[in-house]
Asker: 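Take this structure, written in structure tokens, and hold onto it; I'll ask about it next.
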Amino acid sequence: MDTTNNTSYAPLPGEDPSAAVPPPTHRRPFKGFAVIFPSVIFLLSLVTLVINQGPGSPPKTVPEQPDHHHQYRPASTSSETRSFSVPRGKLEGVSAKSYPHFSEDASYNWTNAMFSWQRTAFHFQPEKNWINDPNGPLFHKGWYHLFYQYNPDSAVWGNITWGHAVSTDMIHWLYLPLAMVPDRWFDANGVWTGSATLLPDGQIIMLYTGSTNESVQVQNLAYPANLSDPLLLDWVKYEGNPILTPPSGIGSTDFRDPTTAWIGPDGKWRITIGSKFNTTGISMVYTTNDFINYELHNGVLHEVPGTGMWECVDFYPVAINGSKGLDTSVNSGRIKHVLKASLDDTKLDHYAIGTYFIENETWVPDDPTIDVGIGLRYDYGRYYASKTFYDQNKDRRILLGWVNETDTETDDLKKHWASLHTIPRTVLFDSKTGTNLLQWPVEEIEDLRLNSTEFTDVLVEAGTIVPLDIGTATQLDISVDFKIESLDTEESVNGSSGCGDGAVDRSTFGPFGILVIADESLSELTPVYFRVTNSTDGDVTTYFCADESRSSKAPEVFKQVYGGKVPVLDGETYSARVLVDHSIVESYAQGGRMVISSRVYPTEAIYGAARLFLFNNATGVNVKATLKIWRLNSAFIHPFPLDQI
Ligand code: DQQ
């Protein structure tokens with residue numbers, strides 16, 4: 001083995017902290033730059049987009065006096081009382097923060113500077129307090145509107161209202177006043193998740209779940225008070241709410257998160273709503289002409305035994321070929337339909353690809369062995385309660401998702417904030433594999449790119465680590481391609497399968513990848529890597545993984561090895577794009593066939609101490625890496641200057 005440029009095997013910290021770090025094989029000096037914050041001019045140019053016109057009238061489809069077919073009957077309420085041993089929100093029939101410990105045990109001695117560093121620079125977060133699911137995204141009069149589950153009072157889940165922000169590019173955001181608060185009996189325990197439908201005549205229908213004064217989950221209708229307001233500041237809750245109550249046989253806390261509606265050739269609109277029947281996850285279909293009166297379809301859109309409660313169901317068409325997104329109502333041509341459910345039991349977002357039969361309101365997966373909840377996921381890391389919308393502005397389908405914290409609630413309360421949204425992703429069908437979706441950060445994020453550094457064919461020998469001299473590495477957009485060269489060696493360490501036991505778990509063909517948010521001495525690091533397994537019958541399987549286990553010295557932080565199989569086709573290199581933004585790392589493999597979102601809370605690898613490395617912990621291959629790395633500017637995410645319009 002030629003070790004001219006690299007040391008012999010340098011185990012990753014955790015195996016041997018004294019491992020030496022060799023100089024890079026090919027590196028270019030990092031060129032300094034000034035971080036330029038978006039200017040007031042940017043803000044003013046946004047403001048000029050706002051042209052407030054006089055108040056409009058409510059949608060014609062929403063009468064003042066409801067024709068109320070669905071009588072609300074209070075369901076029995078739970079006699080359980082909340083305790084911190086039960087996850088937050090669970091007793092109210094809703095998903096909880098996944099790591100709800102309030103314990104002070106083993107808490108790290110965080111400083112304010114450490115907490116400040118964890119806040120992200122270009123991911124959407126409220127100014128303070130708790131955020132969860134994205135709600136009702138839409139594009140209206142030049143603005144992308146994002147609503148979100150929000151607790152205005154605290155950094156933990158509760159008192160759920162709809163926060164509201166607008167953007168012209170889904171990267172820079174301006175916070176607006178709360179859109180809806182829990183102020184009516186039909187949403188007194190929370191204005192929960194919902195979706196927007198844009199009608200052909202320009203009306204906007206917002207359907208959302210209310211948790212009633214008796215914690216029954218009902219569906220409600222809201223609409224903008226003034227459609228001519230680009231900011232959609234005021235929302236009217238329909239007086240006849242709720243428009244749907246849990247149907248017979250469905251639990252009063254198992255009925256939530258209506259989808260965007262789609263229209264059929266019969267002129268009727270359809271929505272689907274997730275639920276469960278015993279332990280079978282189901283999605284029910286309702287039809288409506290006016291969004292007030294609904295008919296429950298006999299039979300479900302789909303069901304999967306053993307998957308439990310389906311939250312935040314999403315249902316939409318994708319083109320089999322092509323680079324454009326489709327409106328939710330498109331149901332002809334060469335298309336497939338995606339069905340996604342957020343599994344309350346596991347807190348994972350699963351999708352499957354199949355065919356929608358509108359004649360009997362059913363959806364059938366292409367491959368029942370990877371049906372909803374038992375196969376593909378949008379994101380193999382920390383990710384939940386996602387929602388897509390069709391962006392008529394750029395003919396694309398955009399996926400938004402929620403990423404929660406994996407530190408403790410105690411620390412969230414000290415930070416005064418918790419959770420964030422991923423960078424919005426475009427979603428397309430992967431016509432090369434025919435089996436999965438492709439997700440990719442919206443192109444607008446590229447406007448944040450500052451200077452870049454390129455490295456070509458960097459040799460990373462088996463068992464070595466190579467620093468990449470780019471300076472501070474806390475806000476990055478990394479594009480990396482690996483080629484592997486088999487070693488002429490008798491050595492064969494097949495090792496464990498999948499992602500193994502993290503990046504220290506060596507096998508013949510991996511892991512190899514990058515170390516992000518690592519300090520110079522590698523006392524903290526987060527490997528993002530490939531691991532290739534070659535079975536005895538000649539099948540080659542590639543896994544894409546992220547290992548948080550040494551991302552932080554703080555003992556109370558939840559750390560996990562994430563990952564799964566990713567298709568790598570003949571002639572393809574092992575390619576990844578990694579967005580690093582302080583405490584979040586979003587990693588995309590093979591053009592977006594697989595994505596992993598990780599949360600990291602380093603204590604040393606922060607501010608100017610955060611570095612980037614290549615590593616190869618394979619025993620049987622050298623790899624060559626070609627990279628382009630951009631430093632990213634911060635996004636402009638601030639309150640909308642309403643007093644200036
Ligand atoms: N979050 C909302 C619910 C939804 C859950 C409540 C998913 O509507 O089912 O905050 O995270």
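Counting from 1, the numbers follow the sequence of the chain as shown. In listed order, ligands and their atoms are each counted from 1. Because the structure is predicted, anything quoted here is derived from the model rather than measured.
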Asker: Decide yes or no for Gln219 and Tyr208: does some side-chain heavy atom of the first lie under 4.5 Å from some side-chain heavy atom of the second?
Answerer: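 Result no, sub-4.5 Å side-chain heavy-atom pair not found.
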
Asker: Between Lys276 and Asp344, does at least one N-O distance fall below 4.0 Å, as a salt bridge requires?
Answerer: no

Asker: Tell me whether the guanidinium CZ or amine NZ of Arg377 lies under 6.0 angstrom from the six-membered ring centre of Tyr380 and within 45° of its axis.
Answerer: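 Because its charged atom sits under 6.0 Å from the ring centre and within 45° of the axis, Arg377 does stack over Tyr380.
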
Asker: Is Lys387 paired with Asp133 through a side-chain N to carboxylate O contact shorter than 4.0 Å?
Answerer: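 Salt bridge between Asp133 and Lys387, a charged N being under 4.0 Å from a carboxylate O: no.
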
Asker: Can you find a side-chain donor-acceptor pair between Arg425 and Tyr378 that sits under 3.5 Å?
Answerer: no

Asker: If we only count N/O pairs under 3.5 Å, is Asn132 in contact with ligand 1?
Answerer: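 So ligand 1 has an N or O lying under 3.5 Å from an N or O of Asn132.
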
Asker: Are any of the N/O atoms on Arg256, whether in the backbone or the side chain, positioned under 3.5 angstrom from an N/O atom of ligand 1?
Answerer: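 For ligand 1, there is an N or O atom that lies under 3.5 Å from one belonging to Arg256.
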
Asker: N/O of Asp257 under 3.5 Å from N/O of ligand 1, yes or no?
Answerer: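 Yes: some nitrogen or oxygen of Asp257 is under 3.5 Å from one in ligand 1.
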
Asker: Could you tell me whether Trp402 and ligand 1 have an N or O pair separated by under 3.5 Å?
Answerer: no

Asker: What atoms of ligand 1 come within less than 4.0 Å of a heavy atom belonging to Thr193?
Answerer: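 That gives atoms 2 (C), 8 (O) of ligand 1.
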
